[in-house]
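See below for the structure under consideration.
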Amino acid sequence: MVAGERAGVDARLAEARLAEAGLVDARLVAPVLAWYPGAARDLPWRASDRTPWGVLVSEVMLQQTPVARVEPVWRAWLDRWPTPAALAEAPTADVLRAWGTLGYPRRALRLAACARAVVEHHGGALPTTEAELRALPGIGAYTAAAVVAFAHGRRAVVLDTNVRRVLARTLGGQGLPPAHLTRGEQSRADAVWPADDARAAAWSQAVMELGALVCTARAPRCAACPVASSCAWRAAGSPPPTTAPRTQAWTGTDRQARGRIMAVLRDAVGPVGEGALTAAWPHDAEQRARALAGLLADGLVARAGDGYGLPE
DNA sequence: AAGACGGGGTT
DNA sequence: AACCCAGTCTT
């Protein structure tokens, strides 16, 4: 075993002892739970009249898209398709237009497929276990846990980018979590998560909110943090992150080309011809063809007469 | 384990 | 111009 692994194991053992002694609960969980009620945002998918379906729709929309952009689309979506059964009947073109510019439109396709699966296999009601949710299209480990915690109020370890950052800083002393979710992070989270359903669900919501509002990636508001005094990262002098995340290129990528084509088709009343696609991405015919082929393969675009349109 | 996959607000 | 965002799926 190399020194780094040895140190990691020692750190986890130390954390496990702290958890056993109830110190993590006293220093981290309890203060964050106390902080939440006065700080939480008033988001519509958290309202007392929320439904599991509304929670799921919010979680899928929030996969890589910020809250501010999701909120208006979520409201319109739930007004139009208040249940899985309603969405299951919707034409794909309507679904993609309602998704608008949230990005990653395959999520909209998967959400519609999820609605149909819920109708077919679960009688139209969302299942309540992580394993059943995980088996539905577009629902991965995070979203399954989020629905269990936020919609059903039961214990589920919700490990999104916010929670990973809070735990990396407060317990790990690191500025940012690893690039990819590690077993170490999962075992650390499992040790921290309260055992009781109601407390665990409240913690899920509160720790995510802390990461979103206070323990932010770029410029954390440590002065407003309820656990600043026991934060391992602060104690270490807030050292900058060691590994810089690789930023994704955007301008000139296939993804941008796909987006331009989708924008044209969303805004078109009927099918569009080759000319409209050329105008959408004029300078690289090869890339345009590759993007269109990908969209057709993904089921985001369909041939319509002599041209192309959103699928029925 | 790595790469593909949108789009817009913030710094 | 970079960076960031309540991830998932495929290879």
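From a predicted model like this one, the values you see are computed outputs, not experimental measurements. Just so it is clear: chains get the letters A, B, ... in the order the sequence lines come, proteins before strands, and each one is counted from 1.
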> Between atom CD in Gln63(A) and atom P in dC5(B), what is the gap in whole Å?
Replying inline: 17 Å

>> Hydrophobic cluster membership, with links at side-chain heavy-atom distances under 4.5 Å among I/L/V/M/F/W/Y: are Leu109(A) and Leu56(A) in one?
In response: no

>> Which nucleotide wins on minimum distance to the side chain of Asn162(A), given the candidates dA6(C), dG7(B), dG6(B)?
In response: dA6(C)

> Looking only at atom P, what distance separates dT8(C) and dG8(B), rounded to whole Å?
Replying inline: 23 Å

> Is there a donor N/O on one and an acceptor N/O on the other, under 3.5 Å, for the side chain of Arg69(A) and the base of dG7(B)?
Replying inline: yes

> How long is the line joining CD of Gln256(A) and C1' of dA4(B), in whole Å?
Replying inline: 15 Å

>> Which nucleotide wins on minimum distance to the side chain of Pro66(A), given the candidates dC5(B), dG7(B), dA6(C)?
In response: dG7(B)

>> Taking donor-acceptor contacts at under 3.5 Å, does the side chain of Gln248(A) reach the base of dC5(B)?
In response: yes

> Heavy atoms under 4.0 Å, any strand shown: does Leu102(A) hit a base, just sugar-phosphate, or nothing?
Replying inline: base

> Side chains of Tyr142(A) and Glu59(A): do they bring a donor and an acceptor to under 3.5 Å?
Replying inline: yes

> When rounded to the nearest 0.5 angstrom, what distance separates CG in Asp306(A) from CD in Glu274(A)?
Replying inline: 9.5 Å

>> Walk me through whether Glu71(A) and Arg41(A) qualify under salt bridge (charged side-chain N to carboxylate O under 4.0 Å, His left out).
In response: CA-CA 12 Å; Glu71(A) 194 165 341; Arg41(A) 291 166 293 181; over 6 Å; no

>> I need the single residue from Asp196(A), Leu28(A), Val163(A), Val157(A) that forms a side chain to side chain contact (heavy atoms under 4.5 Å, CB included) with Trp203(A). Which is it?
In response: Leu28(A)

> Under 4.0 Å between a Lys/Arg side-chain N and an Asp/Glu carboxylate O for Asp190(A) and Arg155(A)?
Replying inline: yes

>> Measure OH/Tyr104(A) against C1'/dG3(B) and give the value in whole Å, please.
In response: 11 Å

> Checking all strands, does Gly103(A) fall into the base, sugar-phosphate, or nothing category for heavy-atom contacts under 4.0 angstrom?
Replying inline: base

>> Closest-nucleotide mapping onto DNA chain C: is Gly138(A) or Asp160(A) further toward the 5' terminus? I mean the 5' end.
In response: Asp160(A)

>> Distance check, C1' atoms only: dC5(B) and dC5(C), in whole angstrom units.
In response: 14 Å

> How far, in whole Å, is dT10(C) from dG6(B) if one measures between their P atoms?
Replying inline: 14 Å

> Between Gln64(A) and dG7(C), does any side-chain N or O lie under 4.0 Å from OP1 or OP2?
Replying inline: yes

> Should Arg266(A) be listed as having a side-chain N or O under 4.0 Å from OP1 or OP2 of dG7(B)?
Replying inline: yes

> Taking atom P of dG7(B) as reference, at what distance in whole Å does atom CZ of Arg255(A) sit?
Replying inline: 9 Å

> So what does Thr101(A) hit on the nucleic acid, given a heavy-atom distance under 4.0 Å: a base, only sugar-phosphate, or nothing?
Replying inline: sugar-phosphate

> From dG7(C), dG7(B), dA6(C), pick the nucleotide closest to the side chain of Thr143(A)?
Replying inline: dG7(C)

> Reckon Arg107(A) has a side-chain N or O less than 4.0 Å from the OP1 or OP2 of dT8(C)?
Replying inline: no

>> Can you tell me how far apart CG (Leu310(A)) and CG (Asp94(A)) are? Round to the nearest 0.5 Å.
In response: 9.5 Å

> Hey, does Ala68(A) reach any base, or is it just sugar-phosphate, or nothing, if we go heavy atoms under 4.0 Å?
Replying inline: nothing

> Counting any heavy atom closer than 4.0 Å, what does Trp99(A) reach on the DNA or RNA strands: base, sugar-phosphate only, or nothing?
Replying inline: nothing

> Could you state the CE-P distance from Met61(A) to dG6(B), rounded to the nearest angstrom?
Replying inline: 16 Å

> NA contact type, Thr253(A), heavy-atom cut-off 4.0 Å: base, sugar-phosphate, or nothing?
Replying inline: nothing

>> Here's a test of your reading of the structure: between Arg218(A) and Arg134(A), which maps to the more 5' nucleotide of DNA chain C?
In response: Arg218(A)

> Hey, does Ala217(A) reach any base, or is it just sugar-phosphate, or nothing, if we go heavy atoms under 4.0 Å?
Replying inline: sugar-phosphate

> Between atom CD in Glu209(A) and atom P in dA6(C), what is the gap in whole Å?
Replying inline: 10 Å

> How is Arg46(A) classified with respect to the nucleic acid when contacts are heavy atoms under 4.0 Å: base, sugar-phosphate, or nothing?
Replying inline: base

>> If the cut-off is 4.0 Å, is Arg258(A) near the phosphate of dG7(B), judged by side-chain N/O to OP1 or OP2?
In response: no

